[in-house]
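One-based numbering, in listed order, for ligands and for the atoms of each.
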Amino acid sequence: MTNKAVFLDRDDTLISDPGYIKHPSQVKLLSGVGQSLTLLKKMGYLLVVVTNQSGVARGILTEAELEQIHHHLKKLLADEGVYLDAVYHCPYHPEGTVKKYTKESDLRKPQPGMLLKAAKELDIDLSQSWMVGDSYRDIAAGHRAGCQTILLDTPGKTQVRDFYDPEPDKRAVNLREAVNILRMVEFQQKAQAARAARGQDEEPAAAAAPPAADVPAVSPAVEEMPPPAEPDATKEDTASAASVEDTFIQQPQAPAPQPSAPVETKPEPRPEPAAASAPEDTSRQLLEEILHRVKTNSRYDQYAEFSVFMLLAWLVQALAAFALVLSVWFWLDKDRGVEAVQTMIGYAVALQLLVIALLMMHDKNK
Ligand SMILES: [Mg+2]
């Protein structure tokens with residue numbers, strides 16, 4: 001197994017999802033997808049699309065039509081200079097109307113069949129690979145195949161997670177941020193490998209160090225260290241600068257104490273946390289949800305596609321604010337009449353409406 005891959009869901013990951021896509025003309029790449037896939041290629045990943053296409057089983061489109069759709073998808077990406085290594089689809093569904101395709105299948109996500117098939121055919125090391133998609137079915141398929149996973153958690157699109165769905169390893173607002181996360185993970189892995197290599201170099205020097213009796217056993221600070229905290233999902237959902245710092249600010253591990261005789265130690269009982277009352281629970285959950293939404297939207301803005309409409313909206317917004325300031329100034333100025341104030345307020349309102357229109361056009365063209 002020599003290759004690593006990024007397995008990609010198709011709809012709402014690479015292209016917009018208007019429902020069942022039946023014709024190549026409906027294929028619209030999401031913003032930034034070409035650039036993101038180009039970066040993944042440069043990082044050495046194979047690009048493999050794995051997509052459920054129950055529309056075939058339901059008689060909405062044929063496999064030949066699906067082939068044309070995927071051919072067009074490849075052409076759109078080729079126009080942006082990036083090539084897919086493979087596209088796998090599952091045409092089966094247990095509630096189909098076309099007999100040939102009406103059945104359960106291990107290929108259908110959340111089953112990992114498509115990923116396992118690709119791994120066999122393309123010589124892919126699944127433990128070095130990632131699954132990226134916008135639903136928990138994608139995450140489950142990647143998890144079962146032994147890949148790491150990134151859930152695209154787009155603002156405004158609620159992800160429904162069943163209790164048996166695995167949590168993703170990471171979360172991103174779009175493919176652009178997912179790629180950024182992968183770059184950060186690779187950077188951290190290289191840094192850890194470099195530290196490990198440095199540690200091995202230092203081992204011979206440690207062997208020639210003074211005997212253990214001369215070395216203080218374990219510092220009180222280490223003895224009193226609290227047990228590792230439970231993993232915090234919020235710390236994993238973004239490749240923030242803080243996460244880089246965490247990686248490099250780890251304290252060097254102290255050598256394990258070598259007691260002359262085994263000593264039995266009893267763990268101290270931990271105090272049970274006080275049970276929170278129901279209103280407190282609700283308030284905390286509400287605050288956590290608000291925090292999650294704020295963080296997600298902030299990241300979405302960070303990774304959102306720039307557009308001319310957005311630029312114009314900002315410029316017109318500045319003019320609208322200026323018109324509003326002028327209207328206040330005219331109102332305070334005794335020499336100006338009421339008409340001048342009303343005119344300036346009229347300009348401000350008109351400009352603000354223009355801003356809203358530009359933002360709507362920006363959203364429509366994303
Ligand atoms: Mg999808």
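Look at R10 and D138 and you find no salt bridge, because none of the NZ, NE, NH1 or NH2 atoms lies under 4.0 Å from a carboxylate O.
Considering just the N/O/S atoms of D11, the one nearest the Mg ion (ligand 1) carries the name O. Of all N/O/S atoms in D9, OD2 sits nearest the Mg ion (ligand 1).
Between the Mg ion (ligand 1) and D17 there is no N/O/S contact shorter than 2.8 Å. Residue contact annotation: D134 places an N/O/S atom under 2.8 Å from the Mg ion (ligand 1).
A cation-pi arrangement, defined by a distance under 6.0 Å to the six-membered ring centre and an angle within 45 degrees of its axis, is absent between R108 and Y92.
Summarising the local packing, CZ of R144 is surrounded by more than 12 heavy atoms from other residues, nucleotides or ligands at distances under 6.0 Å.
Annotation for V33 and L14: closest pair CG2-O, 3.5 Å, computed over non-hydrogen atoms.
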